[in-house]
S.K.: 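Here's a structure for you.
Labels below follow one simple rule: chain letters A, B, ... track the order of the sequence lines, proteins then strands, and each chain is numbered from 1. Predicted, not measured: the structure shown is a model, and the values here were computed from it.
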There are 2 protein chains.
Amino acid sequence: MNLKQFSRMLELSQTTVSRALNGYPEVSEETRRRVVDAAKRHGYRPNPSARQLATGKTGMIGYVLPTGASVDIDPHFVEFLSGLGDYARAHELDLVLSPADADDQETTYRRIVANRQVDAVYISSPQPRDRRVALLNTLGIPFLVHGRTEGFDFDYSFLDIDNEGAFREAARLLMQLGHRRIALINGDIRETFAIHRERGVRAALAEKGLVLADDTVSSAAMTEENGYRAARRLLESSAPPTAILCSSLIMSLGVVRAARELGVSIPGRLSLIAHDDVFPWLKPENFSVPLTTTRSSIRAAGARVAERLAARLANLEDGARGELWPVDLVVRGSIAGAP
Amino acid sequence: MNLKQFSRMLELSQTTVSRALNGYPEVSEETRRRVVDAAKRHGYRPNPSARQLATGKTGMIGYVLPTGASVDIDPHFVEFLSGLGDYARAHELDLVLSPADADDQETTYRRIVANRQVDAVYISSPQPRDRRVALLNTLGIPFLVHGRTEGFDFDYSFLDIDNEGAFREAARLLMQLGHRRIALINGDIRETFAIHRERGVRAALAEKGLVLADDTVSSAAMTEENGYRAARRLLESSAPPTAILCSSLIMSLGVVRAARELGVSIPGRLSLIAHDDVFPWLKPENFSVPLTTTRSSIRAAGARVAERLAARLANLEDGARGELWPVDLVVRGSIAGAP
DNA sequence: AAAATCAGCCAAAGCGCTTTGGAAGTCTCC
DNA sequence: GGAGACTTCCAAAGCGCTTTGGCTGATTTT
């Protein structure tokens, strides 16, 4: 059933029916009710392609998915998606994933903007001077960044967690426990979140006149294996750290494995704090030694991103606005006084 | 730039330009070349909404994403997505994720079909008599199932791995090593893959006249915690198994933790085989005792699904066809002769 | 009582593409 | 050399919606 048939059935013009359905004021309340009721009863729904062609709006939000043989999508992504979807479904907001060559995402961004395939875009895992952010800013499509950039001279909307504050607090706590040799096993240092975390640790150490030596910092993709390697290197060095801050729960699996292999007890000889994005399938309290964590639900972030994007599309949210979430520090058994 | 302007520029009719671009035969090779060249040079691309309205084709494939506060998206999903995207990007195939209430996906499926929002749909984690499969079959939209159903009297396209064969072989291997009390820690038994795996184990045991006792089988969502719980229960029973088959690497993290807590050595007192979907961030060879696994890359499956879907849309693949992939058995240190 | 206003509705013109049903022009063949 | 058969291109009619501009009759203002 299309608008023509439907309006003929109601003995109204297409104009009136369309306006009634879209909430325009030029139609009487009675007529509107009649139209809305009939639409529901007969299951009439405007054809999205046609509406899209006429208005340019699609009701979809876009995400460019970097792919490639050697590109791994972060497992955090599904959790984020869970939250996003959970909110979006109530608004019939669909998400379009446009796969792109990880080394040339610009082409894809240009395509989806030129084609008007989506009304807004979200970006994740930004780098300080992220090219995608700069690009979207010039292309003029609404977008929302999960994370932050640094050093751009324009404003944009973002949602980020206070990575710096979280790791500063975590480092402070370790120092209160007497730790002086603190190491950081970080994610990919090209990404802003990792930079912020390192900055937080440095700031805390600086308060006590300490510095984070280069050989006590490592950064790599957040896999179990990389966590293991970094921990081994640290623990086998001439002056091993007494505490490790770790950017991910998955990496800390590897840290624990390394410690066990080397007979380093946690928290006896090594204190460990990890960042927890809250996975349903791997919980810090279930580590052999329950893990102290900085915690922030990435799922909640996904829901909030969807909420703000929806508000943006409804013109309820205007312009650029940053939003910074505090991070919990949850103390469990993996930390103790310095040996 | 739209078709009207573009065709005026070329001094050709819109018809001819459209046909040239879409590969119709009624246009001379020379004209076609001229049109295609000019399109590339001037960056002309047909507006997808308009094309969509005219043809009904969208060039997108759909996936209904079950969401809800208590619904967790499987972390395997991103790996699948990696593969799917890696293939799809070369074809400019986009993926539309339509979030739905996990308890009422039908509404969403009906919507995306009625709205013609996507050209084809794929389904994952099917149950034996999956309602989604039955629904899509009657709705008549092309679809591809990753996994299989059981007991339907119609054919459809699917891609599945030989879960039964994999677990049969794994169980056989354990029995060759002398194991008689073998337990299975499975995923959600409502899903076909889990049923097939259990069936495989039972078949192998039956060959030796053994049966899989009810209390040696457990099934639950594949989390570390559920793996731990199941393993504890098994290992603390009056007649603990000497070998465990486990449906997921994540669960087997929990199994290893339970074994360690109880002082049960692997493979000394317990042999362990897990199924590995191949994650970049957690590898069986990096377990404290390297894990013997049944292995099948879920990423490769994603790529193949995209490939077949693309073929379907191009009318190269016709009708229903099932595809069953063999599963590797990779032997590592976690198995040994029965104690 | 005439003029001005306004609420409520409508016809028709897009949006940018594909596709139908020709119409020229070019070849072929008897 | 003219009829038929191709080849190559075109004008115009959709696809199903939104939106502009205008029209009618009722209400308010002067």
S.K.: Mind checking if Thr15(B) touches a base, just sugar-phosphate, or nothing, with heavy atoms under 4.0 Å?
M.R.: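 Since a base atom lies under 4.0 Å of Thr15(B), the category is base.
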S.K.: After noting the C-alpha distance and the side-chain angles of Asn22(B) and Arg51(B), does the key distance pass the side chain to side chain donor-acceptor pair (under 3.5 Å) rule?
M.R.: CA-CA 11 Å; Asn22(B) 292 316; Arg51(B) 155 179 272 161; 2.9 Å; yes
S.K.: Classify the ring geometry of Phe154(A) against Phe152(A): parallel below 30°, tilted from 30° to 60°, perpendicular beyond 60°.
M.R.: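 Rings of Phe154(A) and Phe152(A): parallel, under 30°.
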S.K.: Categorize Thr55(B) for me: base, sugar-phosphate, or nothing, with a 4.0 angstrom heavy-atom threshold over every strand shown.
M.R.: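 Sugar-phosphate, no base atom in range.
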S.K.: So for atom CZ, which belongs to Arg111(B), do other residues, nucleotides or ligands contribute more than 12 heavy atoms lying within a distance under 6.0 Å?
M.R.: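 Enclosed.
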S.K.: Between which nucleotides of DNA chain C, read 5' to 3', does contact with chain B run, using atoms under 4.0 Å from its heavy atoms?
M.R.: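 It runs dG16(C) to dG21(C).
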S.K.: Please round to the nearest 0.5 Å and tell me the distance separating atom CG of Leu159(A) and atom CD of Glu307(A).
M.R.: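 Leu159(A) atom CG to Glu307(A) atom CD measures 10.5 Å (nearest 0.5 Å).
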S.K.: Which of these, Phe143(B), Phe77(B), Tyr63(B), Phe158(B), sits in a ring pair (Phe, Tyr, Trp, His ring centres under 6.0 Å) with Tyr122(B)?
M.R.: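 The passing option is Tyr63(B).
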S.K.: Using whole Å, report how far CG of Leu3(B) lies from C1' of dC10(D).
M.R.: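 The distance from CG of Leu3(B) to C1' of dC10(D) comes to 13 Å, rounded to the nearest Å.
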S.K.: Checking all strands, does Ser18(A) fall into the base, sugar-phosphate, or nothing category for heavy-atom contacts under 4.0 angstrom?
M.R.: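 Since a base atom lies under 4.0 Å of Ser18(A), the category is base.
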S.K.: Please determine if a side-chain N or O atom of Thr16(B) lies less than 4.0 Å away from the OP1 or OP2 oxygen of dC10(D).
M.R.: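 So the side-chain polar atoms of Thr16(B) do come within 4.0 Å of the phosphate oxygens OP1 or OP2 of dC10(D), strictly under.
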S.K.: What is the distance, rounded to the nearest whole Å, between atom CG of Leu12(B) and atom C1' of dA11(D)?
M.R.: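 Whole-Å distance recorded here is 14 Å.
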S.K.: Can you list every side-chain hydrogen bond (donor to acceptor under 3.5 Å, both in side chains) pair that touches residues 29-38 of chain A, not counting sequence neighbours?
M.R.: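 For residues 29-38 of chain A: Ser28(A)-Thr31(A), Glu29(A)-Arg32(A).
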S.K.: Could you say whether Val17(B) or Arg51(A) is positioned toward the 5' end of DNA chain D, judged by the nucleotide with the nearest heavy atom to each?
M.R.: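 Its nucleotide being nearer the 5' end, the pick is Val17(B).
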S.K.: Measure CD/Glu26(A) against C1'/dC23(D) and give the value in whole Å, please.
M.R.: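 Interatomic distance, CD of Glu26(A) to C1' of dC23(D): 14 Å.
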S.K.: NA contact type, Ser49(B), heavy-atom cut-off 4.0 Å: base, sugar-phosphate, or nothing?
M.R.: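 The answer is nothing, as Ser49(B) stays clear of every strand by at least 4.0 Å.
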S.K.: NA contact type, Phe6(A), heavy-atom cut-off 4.0 Å: base, sugar-phosphate, or nothing?
M.R.: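 Nothing, no heavy atom under 4.0 Å.
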